[in-house]
Participant: 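Submitted below is the structure of interest, expressed as structure tokens.
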Amino acid sequence: MRVLLTGANGFVGGHLYALLKSKGHEVRALTRIADARYGNDNIACDLERTENLSSIVVGCDAIIHLAGRAHVMSDGKVDASAAYESANTDVTRRLAECAANNGIRRFVFLSSIKVNGESTPNDKPFTSKDAPHPHDQYGISKLHAEQELRRVASSTAMDCVIIRTPLVYGLGVRANFASLIKLSISGMPIPLGGVRNRRSLISVQNLCSALYRAVSIEVPINATLLVSDGEDLSTPQLIRAIARAHNVSPNLFWFPVGLLKVLSILIGKHGVYQRLCGSLMVDISETKQLLQWAPEFTVVESMNIMAQSTLEARS
């Protein structure tokens, strides 16, 4: 199988490229600027600026579209909405139309659980059947991209598989999860011992296995699917798992959660409070059934892989 992989030099893309190659597939690794790591597989292309995409997709059997404008907590752009729509929605629409016109069999799109919303009750996980309720411009742009992709697929022979993912972690992760790792192993007092939330997340290994299954399964499939590790952890459980993987003990202590919420509002950090103390769960039963897939690694195993790989990279 010949696969076009956009965003190949991103966090998920690097891992997925290695998996596809290990399975014996040909990969066109598309990056915004040239990346010598991919040798002759590399295509340098700015998808927002390139008008004719046919030369990129022609001859491919499938596309896995990871490229896009990532979620940023405080986006300083004058018009963040236009930037997200251009990078996430418009590019997806144009790429999907070009793919369909060139006979691509399947288009796999990496979306976000932010299309569903920002939180769930502890007893009611998100499903793909829930009405979308994005809260920010990033989530809205991903929803619009999904809608455009479905529109193209519905009038052509091309399958589309949309994968909505919660927080992804693993070797090379940055931003919020990298900060949580540093905090968990720092020995600093962490006032989250009393938090009783439940959050879904997914290791990059499990996400890549789901994406690979989505692009390689032979039966026709058009679906929107949610993925996770299949385990919902509280924030204290997650912190302990990170710390144990690094052979340290976290300095968690109990503090009133209600007071944490009030303090977060007073200092303008309610979003941080919500991520650390709120719940966000996803139901992956449909994904397991349709893709005949299950997470290959537990959270503990994934944390150990990440920690060991980090140590080896530093040595």
Side-chain angles (χ1 to χ4, degrees), residues 11 68-85 87-88 111-127 130-144 164-169 173-202 226 228-229 231-243 250-283 299:
F11 167 49
R69 183 175 179 82
H71 178 250
V72 179
M73 288 302 300
S74 299
D75 200 315
K77 286 191 71 69
V78 174
D79 191 349
S81 174
Y84 282 123
E85 287 292 322
N88 296 339
S111 188
S112 169
I113 198 60
K114 284 182 170 289
V115 171
N116 285 73
E118 296 291 336
S119 63
T120 63
N122 272 359
D123 60 348
K124 190 178 180 183
F126 281 135
T127 75
D130 294 332
H133 191 56
H135 287 215
D136 59 21
Q137 296 300 329
Y138 171 77
I140 292 170
S141 71
K142 284 291 192 178
L143 172 59
H144 290 167
R164 293 182 190 162
T165 178
L167 178 67
V168 184
Y169 67 95
V173 70
R174 293 177 289 184
N176 296 330
F177 202 88
S179 298
L180 183 62
I181 293 173
K182 290 180 181 179
L183 177 64
S184 301
I185 66 177
S186 68
M188 294 177 57
I190 306 173
L192 301 175
V195 174
R196 295 292 181 265
N197 62 342
R198 298 180 66 192
R199 296 193 75 88
S200 299
L201 60 161
I202 188 167
L226 311 185
S228 78
D229 286 334
E231 305 172 63
D232 300 321
L233 278 65
S234 69
T235 297
Q237 288 174 324
L238 177 57
I239 290 172
R240 292 187 183 101
I242 293 171
N251 192 2
L252 279 164
F253 69 94
W254 184 89
F255 191 85
V257 176
L259 186 53
L260 279 175
K261 182 177 181 179
V262 172
L263 291 173
S264 73
I265 294 172
L266 290 175
I267 64 175
K269 297 291 185 182
H270 185 61
V272 176
Y273 166 84
Q274 180 58 44
R275 292 193 302 278
L276 292 174
C277 301
S279 293
L280 193 159
M281 304 185 302
V282 303
D283 182 345
V299 172

Participant: How long is the straight-line distance from CG of Leu233 back to OG of Ser228, given to the nearest 0.5 Å?
Facilitator: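 Output value for this atom pair is 10.5 Å.
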
Participant: For residues Ser200 and Asp232, is any side-chain donor paired with an opposing acceptor at under 3.5 Å?
Facilitator: yes

Participant: Look up atom OG1 in Thr165 and atom NZ in Lys114, then write down how far apart they are to the nearest 0.5 Å.
Facilitator: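 One finds 12.0 Å between OG1 of Thr165 and NZ of Lys114.
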
Participant: Is the closest side-chain heavy-atom distance between Val257 and Arg196 below 4.5 Å?
Facilitator: no

Participant: Tell me, do Pro166 and Ile202 make a side-chain contact under 4.5 Å, heavy atoms counted?
Facilitator: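 A side-chain contact exists here, since the closest heavy-atom pair is under 4.5 Å.
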
Participant: Spell out, as yes or no, whether a donor-acceptor pair under 3.5 Å connects the side chain of Glu231 to the backbone of Val299.
Facilitator: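 Yes; at least one donor-acceptor contact below 3.5 Å.
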
Participant: Can you see which heavy atom on Arg69 is nearest to which on Ala87, and at what distance?
Facilitator: CB-CB, 3.6 Å

Participant: Any heavy-atom pair between the side chains of Glu85 and His144 that's under 4.5 Å?
Facilitator: yes

Participant: Test Val195 against Phe255 for side-chain contact (heavy atoms from CB on, under 4.5 Å), laying out the working first.
Facilitator: CA-CA 9 Å; Val195 174; Phe255 191 85; over 6 Å; no

Participant: For the CZ atom of Arg275 and the CG atom of Leu167, what is their distance to the nearest 0.5 Å?
Facilitator: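 Going from the CZ atom of Arg275 to the CG atom of Leu167 covers 9.5 Å.
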
Participant: List for me each residue that meets salt bridge (Lys or Arg N to Asp or Glu O under 4.0 Å) alongside Asp283, sequence neighbours excluded, and say none if there are none.
Facilitator: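 Checked Asp283 against salt bridge (Lys or Arg N to Asp or Glu O under 4.0 Å); zero matches.
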
Participant: With no hydrogens and no angle check, just 3.5 Å: does a side-chain donor-acceptor pair link Asn176 and Tyr169?
Facilitator: no

Participant: With a 4.5 Å cut-off on side-chain heavy atoms, are Phe253 and Ile190 touching?
Facilitator: no

Participant: Quick one: closest heavy-atom pair of Asn251 and Met188, and the distance?
Facilitator: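 Nearest pair, atom of Asn251 first, then Met188: CB-O, 3.3 Å.
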
Participant: Minimum heavy-atom separation for Ile185 to Ala243, with atom names?
Facilitator: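 Looking at all heavy atoms of both residues, the shortest contact is CG2-CA, 4.2 Å.
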
Participant: Could you tell me the separation between the CG atom of Asp123 and the CE atom of Met281, rounded to the nearest 0.5 Å?
Facilitator: 6.5 Å

Participant: So if I apply the side-chain contact (heavy atoms from CB on, under 4.5 Å) rule between Pro134 and each of Ile140, Asn116, Ile113, which one comes out positive?
Facilitator: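 That would be Ile140.
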
Participant: Using every non-hydrogen atom in the two residues, find where Phe126 and Ser119 come nearest and quote the distance to one decimal.
Facilitator: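 Shortest heavy-atom contact: CZ-O, 3.3 Å.
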
Participant: Give, for atom CG of Leu260 and atom CG of Leu192, the distance between the pair rounded to the nearest 0.5 Å.
Facilitator: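 The distance works out to 6.5 Å.
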
Participant: Looking at Arg199 and Gly278, would you say the former's side chain and the latter's main chain have a donor-acceptor pair under 3.5 Å?
Facilitator: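 Checking the backbone N and O of Gly278 against the side chain of Arg199, a donor-acceptor pair under 3.5 Å is found.
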
Participant: Does some side-chain heavy atom of Leu238 sit less than 4.5 Å from a side-chain heavy atom of Phe177?
Facilitator: yes

Participant: Nearest heavy-atom pair of Ser111 and Lys142: which atoms, and what distance?
Facilitator: OG-CB, 3.8 Å

Participant: Surrounding NE2 of His135 (heavy atoms of other residues, nucleotides or ligands, distance under 6.0 Å), is the total greater than 12?
Facilitator: yes

Participant: Is any side-chain heavy atom of Arg164 closer than 4.5 Å to a side-chain heavy atom of Ser112?
Facilitator: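 A side-chain contact under 4.5 Å is absent here.
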
Participant: Give, for atom CZ of Arg198 and atom CG of Leu280, the distance between the pair rounded to the nearest 0.5 Å.
Facilitator: 12.0 Å

Participant: Going by atom types only, do Asn197 and Ser279 share a side-chain donor-acceptor pair under 3.5 Å?
Facilitator: no

Participant: Closest approach of Pro250 and Ile239, non-hydrogen atoms and distance?
Facilitator: CB-CG2, 3.7 Å

Participant: Do Thr120 and Pro125 have side chains that get closer than 4.5 Å, going by heavy atoms?
Facilitator: no

Participant: Are side-chain heavy atoms of His270 and Lys261 found at a separation under 4.5 Å?
Facilitator: yes

Participant: How are the rings of Tyr84 and Tyr138 set to each other: parallel, tilted or perpendicular (split at 30° and 60°)?
Facilitator: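 The arrangement is perpendicular - the two ring planes meet at more than 60°.
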
